[in-house]
Student: 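I'd like to ask some things about the structure below.
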2 protein chains.
Amino acid sequence: MKTILVIEDKKEVRENITEILKLAQYRVVQASDGRQGVALARSVGPDLILCDIMMPELDGYGVLHILAKDPNTARTPFIFLTAKVAPEHLRNGMNLGADDYLTKPIDNIDLLAAVELRLKKVEQMNQPVEQPGLADFLNALHQVDGCPYSTLRYSKKQILYAEGDTPANLYYIRSGQVKHVKTDASANVVITALSGAGDFVGLPGLLSDVPCTESAEVLHNAEICLIPQAELLTLLTSHADIGAYFMRLLASDVRQRDERLLKLAYQPVRKRVVEALLLVYRKFYSLPDDLVITPLGQDVRSAPFMTLSRENWAQLVGASMETVIRVLSDLRAEGMIKLSGSQITLLDIDRLTRLKH
Amino acid sequence: MKTILVIEDKKEVRENITEILKLAQYRVVQASDGRQGVALARSVGPDLILCDIMMPELDGYGVLHILAKDPNTARTPFIFLTAKVAPEHLRNGMNLGADDYLTKPIDNIDLLAAVELRLKKVEQMNQPVEQPGLADFLNALHQVDGCPYSTLRYSKKQILYAEGDTPANLYYIRSGQVKHVKTDASANVVITALSGAGDFVGLPGLLSDVPCTESAEVLHNAEICLIPQAELLTLLTSHADIGAYFMRLLASDVRQRDERLLKLAYQPVRKRVVEALLLVYRKFYSLPDDLVITPLGQDVRSAPFMTLSRENWAQLVGASMETVIRVLSDLRAEGMIKLSGSQITLLDIDRLTRLKH
DNA sequence: CGTAGCCTTGATGAGAGTCAATAGAAGTGG
DNA sequence: CCACTTCTATTGACTCTCATCAAGGCTACG
């Protein structure tokens with residue numbers, strides 16, 4: 001129920017208005033002079049204010065002037081009530097920021113119409129503007145031409161950002177594959193994540209102010225959009241849905257890493273290698289039909305085999321390269337995969353998936 | 001620069017108004033009848049519309065009626081210009097939703113004042129409401145009484161949420177310690193994170209719609225605020241700064257996990273045990289002075305030793321309990337720590353920090 | 001045709017997990 | 001308050017996975 005504050009010194013008029021408003025299902029708060037009106041406006045926080053102009057103590061102009069300065073009441077629609085019909089008075093009130101102006105004797109219909117309209121207007125204003133949201137943002141990234149962000153082609157082994165960099169962009173992968181690696185003092189490397197078409201890269205780095213603690217390197221020739229940090233921040237603050245989307249992405253990143261943490265801690269290398277094979281396969285070579293994104297027309301699934309250096313596999317598994325090679329040889333001997341150079345083909349995905357150890 | 005659309009059929013009046021507005025540094029678009037006015041309003045998207053009432057083709061009421069229904073123009077302030085001063089006409093216009101009403105002959109000062117005021121009003125409305133933001137949100141969580149969220153006391157071993165749950169709350173730890181664990185099919189457990197006073201727990205779980213893949217368990221008696229999911233979502237959409245804050249938290253979570261992934265993959269148990277000791281010490285027992293949060297008056301640093309079961313240490317390190325115990329015995333033999341039951345005291349933090357293997 | 005960069009296989013040993021038995025600590029109930 | 005149970009910590013013995021070092025093969029490319 002909406003609350004309306006009526007500020008009017010003449011009791012009769014005030015109660016008459018109150019009665020009508022109450023009949024129309026509004027909650028009404030009455031003030032008999034300007035000073036009291038301001039106090040009530042502040043304490044009650046009405047949804048709309050009806051205010052007489054000519055009053056003792058503090059007149060209507062004064063009330064509006066005061067309330068317009070208070071951020072808590074500045075947005076409340078304010079309607080003047082008065083007998084004055086001279087144009088210059090009307091101007092006076094409107095130029096102070098009143099939203100409407102009812103002249104006495106007040107017609108009931110006019111009163112209710114004016115009140116209802118102003119309440120509706122406020123409601124309308126408070127609804128978030130229908131801005132281009134998440135969907136448009138994502139679509140824009142796929143525009144072949146007219147994409148609002150600069151798009152670059154990267155070739156194998158190029159670095160998007162390295163540890164220690166202060167990143168200036170968020171990267172959106174239109175096509176290609178990117179690995180995120182983290183290196184320690186003894187030059188040990190793990191691949192912390194893989195990104196493919198449709199993924200964003202570099203978000204955690206952009207959000208913390210400290211320099212990157214990981215680097216991103218292109219695995220296969222890629223086409224990547226750069227979204228400047230400033231632009232990203234604007235998007236995030238102005239579009240709640242885009243913020244929510246990125247938050248979900250981060251949340252899922254956290255989960256994926258937890259998963260890997262658990263596996264790394266307790267599963268033998270053999271199992272981890274198989275998981276890595278399936279991970280890469282699912283990520284890059286076998287998207288479910290409804291998720292296939294082929295912005296440039298190529299069907300990623302058509303790739304007959306996976307190509308990743310043994311070193312990369314090792315970094316993904318978290319084991320030495322020799323060990324990974326041995327496991328791969330075993331799997332080949334068991335007829336589950338085919339190896340030819342750096343190309344690996346999964347021959348029996350079912351068996352790999354069911355593999356217990 | 002603001003754009004103003006002037007809809008007026010009389011060329012002389014229109015150009016006069018245009019001239020004045022241009023002098024006042026507005027961009028002006030002119031329409032000579034209502035139909036054209038509507039078209040221009042839609043294509044140009046002006047910041048304010050001045051519109052005559054009496055016009056051929058489509059009169060001012062009609063223009064307002066149409067534009068008020070179009071979500072793209074409904075928010076644009078609309079000012080009527082007319083010679084009509086009869087109150088009922090004024091009502092007519094205002095009840096359609098006009099924001100002001102200037103009577104001809106138009107006084108330049110009034111025109112500029114009215115235009116400026118309405119533009120200012122829109123700007124004011126578009127500014128996000130000065131709601132309590134991030135700082136207030138965080139403060140509210142620490143209110144001993146009057147905390148807007150229900151606060152519960154949890155005792156050791158209580159579960160906040162378990163794997164498979166669909167979480168309904170975000171948890172804020174006012175005091176105490178919580179561990180996040182992840183379990184696999186063979187009942188292996190890793191602690192993926194530790195949370196203490198001032199941390200939020202359960203964010204990733206709330207953001208993805210799939211059930212939890214980890215669980216959270218209280219380590220030491222804790223006092224925890226529950227923030228309902230719905231409330232959180234409201235906060236996130238309405239307060240960009242709170243959203244940004246949580247995003248940063250998630251980003252830092254991702255980084256921490258990457259860090260652990262690397263260490264788990266390549267560092268020997270001994271090193272990992274030492275890291276875990278220092279991690280827990282830094283997290284729970286030696287906050288830098290400016291970060292000590294003692295909402296309930298207790299100084300966490302005063303704890304003389306760390307208490308965590310050997311099993312927990314093992315899960316944190318990602319190694320078997322026996323192995324961890326052996327490493328701890330070694331460290332004791334080397335004089336770096338003191339063991340008495342489940343209590344561990346760090347005797348030589350410097351040496352532990354510098355330890356290479 | 002040579003060379004650099006991968007990939008592969010072998011031998012070896014240290015690190016870390018498992019199982020099992022014992023020693024303390026911390027509750028529990030009479 | 002003490003005996004009893006139950007959990008938790010510790011130590012030992014054994015096994016096995018996996019990293020390391022080393023050497024040889026394969027492939028691609030100039």
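Numbers restart at 1 for each chain; the letters A, B, ... are given by sequence-line order, proteins then strands.
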Student: List the residues meeting side-chain hydrogen bond (donor to acceptor under 3.5 Å, both in side chains) with B:Ser208, not counting sequence neighbours, and say none if there are none.
Tutor: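 B:Ser208 satisfies side-chain hydrogen bond (donor to acceptor under 3.5 Å, both in side chains) with A:Arg255 only.
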
Student: Does A:Asp184 have any salt bridge (Lys or Arg N to Asp or Glu O under 4.0 Å) partners at least two apart in sequence or in another chain, and if so, which?
Tutor: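 Per chain and number, A:Asp184 pairs via salt bridge (Lys or Arg N to Asp or Glu O under 4.0 Å) with no residue.
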
Student: Calculate the interatomic distance between A:Arg272 atom CZ and D:dT17 atom P; express it in whole Å.
Tutor: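 Result: 13 Å.
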
Student: Let me know the distance between NZ of A:Lys271 and C1' of D:dT17, rounded to the nearest Å.
Tutor: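 The distance from NZ of A:Lys271 to C1' of D:dT17 comes to 17 Å, rounded to the nearest Å.
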
Student: Taking side-chain hydrogen bond (donor to acceptor under 3.5 Å, both in side chains) as the definition, give me every residue that meets it alongside A:Gln256, ordered by chain and number, with sequence neighbours left out.
Tutor: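 Testing A:Gln256 for side-chain hydrogen bond (donor to acceptor under 3.5 Å, both in side chains), a comparison that skips the adjacent residues, returns none.
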
Student: Which label fits B:Phe200 and B:Phe246: parallel for a plane angle under 30°, tilted from 30 to 60°, or perpendicular past 60°?
Tutor: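 Judged by the thresholds at 30° and 60°, the geometry between B:Phe200 and B:Phe246 is perpendicular.
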
Student: In whole angstrom, what separates B:Asn312's CG from D:dC7's P?
Tutor: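 Atom CG in B:Asn312 sits about 16 Å away from atom P in D:dC7.
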
Student: B:Ser342 side chain N/O closer than 4.0 Å to the phosphate oxygens (OP1, OP2) of D:dA9?
Tutor: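 Yes, within the criterion.
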
Student: Does anything in residues 177-188 of chain B reach DNA chain D, meaning a heavy atom under 4.0 Å, and if so which residues?
Tutor: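 Close to the strand, none.
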
Student: Of the listed nucleotides (D:dT8, D:dT10, D:dC18), which one gets closest to any side-chain atom of B:Met321?
Tutor: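 The nucleotide sitting nearest to the side chain is D:dT10.
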
Student: Taking protein heavy atoms under 4.0 Å as touching, what does nucleotides 21-30 of chain D look like 5' to 3' if B marks base contact, S marks sugar-phosphate-only contact and - marks none?
Tutor: B---------

Student: Whole-Å distance between D:dA9 C1' and B:Leu339 CG?
Tutor: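 Whole-Å distance recorded here is 10 Å.
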
Student: Do A:His180 and A:Ser195 meet the criterion of a side-chain donor-acceptor pair at a distance under 3.5 Å?
Tutor: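 Side-chain D/A pair, A:His180 to A:Ser195: present.
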
Student: Check this for me, if you would: do B:Asp253 and A:Arg257 make a salt bridge, where the nitrogen-to-carboxylate-oxygen distance has to be below 4.0 angstrom?
Tutor: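 No.
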
Student: Name the closest nucleotide to the B:Ser329 side chain, picking from D:dT11, D:dT10, D:dT8.
Tutor: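 Nearest to the side chain of B:Ser329 among the choices is D:dT11.
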
Student: Whether the A:Lys156 and A:Asn221 side chains hold a donor-acceptor pair (N or O, under 3.5 Å, no angle test) is what I'd like checked.
Tutor: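 Side chains of A:Lys156 and A:Asn221: no pair found under 3.5 Å.
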
Student: Distance only, no hydrogens: is a donor on one side chain within 3.5 Å (strictly under) of an acceptor on the other, for A:Glu214 and A:Thr192?
Tutor: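 Judged by distance alone, the side chains do pair up.
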
Student: Let me spell it out: for each of B:Arg332 and B:Lys157, pick the nucleotide of DNA chain D with the closest heavy atom. Which residue's pick is nearer the 5' end?
Tutor: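 Whichever sits nearer the 5' end wins; that is B:Lys157.
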
Student: Taking side-chain hydrogen bond (donor to acceptor under 3.5 Å, both in side chains) as the definition, give me every residue that meets it alongside A:Ser252, ordered by chain and number, with sequence neighbours left out.
Tutor: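 Checked A:Ser252 against side-chain hydrogen bond (donor to acceptor under 3.5 Å, both in side chains); zero matches.
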
Student: Where each residue is assigned the nucleotide of DNA chain C containing its nearest heavy atom, which of A:Ala265 and A:Ile325 is assigned the position nearer the 5′ end?
Tutor: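 On the 5' side of the pair lies A:Ile325.
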
Student: Which donor-acceptor pairs under 3.5 Å do side chains of residues 163-170 of chain A form with protein atoms, sequence neighbours excluded?
Tutor:
| from | atom 1 | to | atom 2 | distance (Å) |
| --- | --- | --- | --- | --- |
| A:Glu163 | OE2 | A:Thr183 | N | 3.1 |
| A:Glu163 | OE2 | A:Thr183 | OG1 | 3.2 |
| A:Asp165 | OD2 | A:Ala162 | N | 3.0 |

Student: Restricting to salt bridge (Lys or Arg N to Asp or Glu O under 4.0 Å), what partner residues turn up for B:Arg310, sequence neighbours left out?
Tutor: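 With sequence neighbours excluded, B:Arg310 shows a salt bridge (Lys or Arg N to Asp or Glu O under 4.0 Å) to no residue whatsoever.
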
Student: Within the structure shown, what part of the strands sits under 4.0 Å from A:Ser320 by heavy-atom distance: base, sugar-phosphate, or nothing?
Tutor: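 Touches a base.
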
Student: Tell me, please, the opening and closing nucleotides of DNA chain C, 5' to 3', among those with an atom under 4.0 angstrom from a non-hydrogen atom of chain A.
Tutor: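 It runs C:dC6 to C:dA11.
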
Student: Sequence neighbours left out, what passes side-chain hydrogen bond (donor to acceptor under 3.5 Å, both in side chains) with A:Glu275? Give chain and number order.
Tutor: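 Listed in chain order: A:Lys263.
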
Student: Tell me the bend of the helix from C:dC1-D:dG30 to C:dG30-D:dC1 as the angle between end helix axes, each from five pairs, rounded to the nearest 10 degrees.
Tutor: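 Taking the rotation axis at each end, their angle is 40°.
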
Student: Closer to the 5' end of DNA chain C via nearest nucleotide, is it A:Ser309 or B:Ala319?
Tutor: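 This one resolves to A:Ser309.
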
Student: Using every non-hydrogen atom in the two residues, find where A:Leu328 and A:Val273 come nearest and quote the distance to one decimal.
Tutor: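 Taking A:Leu328 first and A:Val273 second, the nearest heavy atoms are CD2-CG1, 3.9 Å.
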
Student: Applying side-chain hydrogen bond (donor to acceptor under 3.5 Å, both in side chains) as the test, list every pair that has at least one member in residues 327-337 of chain B; sequence neighbours left out.
Tutor: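 Applying side-chain hydrogen bond (donor to acceptor under 3.5 Å, both in side chains) to every pair that reaches into residues 327-337 of chain B, excluding sequence neighbours, yields B:Arg270-B:Glu334.
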
